[in-house]
Amino acid sequence: MPSLQLDLSPVQETLLLTLYARAQDSRAPAPILGDTLAAAIADRIAQDTGYDFGRLKVRPSLVASTALRAKKLDDVVRQFTTTHPEAVVVDLGCGLDTRMARCTPPAGVDWYDVDLPEVTELRRRYLPGRSHLVATDITAESWSEVLPDDRPTVIVAEGVLPFLPGDSFQAMIRRLTTRLRAGELALNGYTRFAAWAMRYDASIKALGIDAAQGFDDPREPERWNAGLTLVSERLLTRAPEVAAFPQPVRALTRLMAHSTAMSRQGARILHYRF
């Protein structure tokens, strides 16, 4: 009999979607991310709760893109914490991501995993570690006061943007960059079309989510009055790891890579300095 009941909203349940995608990647003959801890956690959740991950309808394309975007965001964090071994890392809407375990930051780094209370309880159960857990709605105004404001900070926002209403994402980033001394922001930047199209993805439909947030111009965040300057836009259709994508996903991705406009409709990592 299950020993734990999951009580998650549809948006919160996306943490199981990305967890399972990373787990599936780790079981591939040539994994892109190789997150074996994600696989172990997914197995434990299935055993503890009876959760049927098959209901999420995770396709090979989602497994590959989820693993690749996580890898590229990890690269930003590793580079930042190597350059600043006493930095602060803030992982917004962290879910059950194992990023801290994957990045193995220097001992002087303070890592903050930020998500809703229900998610934070799951992290305490399945991902005990040395990160600071901040149980809050990430769009709330006061939670950032727990962050040190006198050290370089890298902010990561993976899979958060499409699910926040109105301009709440921009307002949240503005509060953070205004309060913090200096640092970087890395996110997977959905275009408006990509965010709109998500609602027709089999996994998102299975969860009953209506995602809609995105922006096209990678320089648009420079106009959020958040002190952001674009460092890079990484179009993941052109990443060398695409060679490990399964067919026909690999062929389609390489076809999209010939067009910048088409590539932007796929996954892209946006990197800013503030």
Side-chain angles (χ1 to χ4, degrees), residues 2 4-26 33 35-59 62-63 65-71 73-74 77 89-103 111-129 131-140 143 155-165 169 172 186-188 190 195 198-199 201-211 213 267:
L4 179 69
Q5 293 294 320
L6 289 176
D7 184 19
L8 300 173
S9 71
V11 170
Q12 291 171 346
E13 203 172 350
T14 60
L15 70 87
L16 299 177
L17 176 63
T18 52
L19 175 73
Y20 189 60
R22 295 193 306 274
Q24 291 296 86
D25 167 74
S26 76
L33 185 64
D35 189 350
T36 56
L37 180 55
I41 293 170
D43 288 345
R44 284 185 58 200
I45 288 175
Q47 181 178 0
D48 290 349
T49 69
Y51 187 82
D52 177 14
F53 282 95
R55 71 179 290 271
L56 298 175
K57 304 182 186 301
V58 176
R59 296 175 176 176
L62 181 61
V63 171
S65 62
T66 299
L68 182 53
R69 81 183 191 191
K71 183 176 182 180
L73 288 169
D74 287 356
V77 174
V89 180
V90 182
D91 198 342
L92 298 172
C94 58
L96 286 176
D97 200 342
T98 63
R99 177 163 287 115
M100 186 177 185
R102 296 194 305 264
C103 291
W111 192 294
Y112 290 80
D113 285 313
V114 189
D115 214 317
L116 292 165
E118 299 89 342
V119 177
T120 300
E121 285 304 311
L122 285 178
R123 287 193 71 89
R124 287 195 177 97
R125 184 181 182 100
Y126 292 106
L127 267 172
S131 73
H132 304 281
L133 299 181
V134 184
T136 186
D137 179 339
I138 61 174
T139 65
W143 71 264
I155 303 167
V156 184
E158 181 177 0
V160 171
L161 174 63
F163 305 113
L164 297 183
F169 183 84
M172 171 185 61
L187 67 149
N188 57 313
Y190 296 86
M198 281 181 67
R199 70 187 68 188
D201 179 87
S203 298
I204 297 299
K205 288 176 68 176
L207 295 175
I209 297 172
D210 187 17
Q213 281 287 332

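Annotation: ring pair (Phe, Tyr, Trp, His ring centres under 6.0 Å) contacts of Tyr190 (sequence neighbours excluded): none. The ring pair (Phe, Tyr, Trp, His ring centres under 6.0 Å) check on Phe53 picks up Tyr20, Tyr51, with sequence neighbours excluded. Every residue meeting the side-chain contact (heavy atoms from CB on, under 4.5 Å) condition with Thr139, not counting sequence neighbours, appears here in chain and number order: Asp137, Leu164, Ser168.
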Exercise. Could you go step by step and tell me if Asp7 and Glu118 meet the side chain to side chain contact (heavy atoms under 4.5 Å, CB included) rule?
Worked result: CA-CA 8 Å; Asp7 184 19; Glu118 299 89 342; 5.9 Å; no
Exercise. Is there a side chain to side chain contact (heavy atoms under 4.5 Å, CB included) between Val119 and Gln12 once you walk through the steps?
Worked result: CA-CA 7 Å; Val119 177; Gln12 291 171 346; 4.3 Å; yes
Exercise. Does the pair Val63 and Val58 meet the rule for a side chain to side chain contact (heavy atoms under 4.5 Å, CB included), with working shown?
Worked result: CA-CA 7 Å; Val63 171; Val58 176; 3.5 Å; yes
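Taking the charged nitrogens against the carboxylate oxygens, Glu13 and Arg55 do have a contact shorter than 4.0 Å, which makes a salt bridge. For the pair Arg123 and Asp113, the salt-bridge criterion is met [side-chain N within less than 4.0 Å of a carboxylate O]. Salt-bridge annotation for Arg125 and Asp48: present, with a side-chain N of the basic residue lying under 4.0 Å from a carboxylate O of the acidic one.
For the side-chain contact (heavy atoms from CB on, under 4.5 Å) test with Leu133, the passing option among Leu127, Val114, Thr120 is Thr120; the others fail.
Scanning both residues, Leu33 and Arg22, for their nearest heavy atoms gives CD2-CD, 3.6 Å.
With hydrogens and angles left out, the side-chain atoms of Ser26 and Asp35 include no donor and acceptor closer than 3.5 Å.
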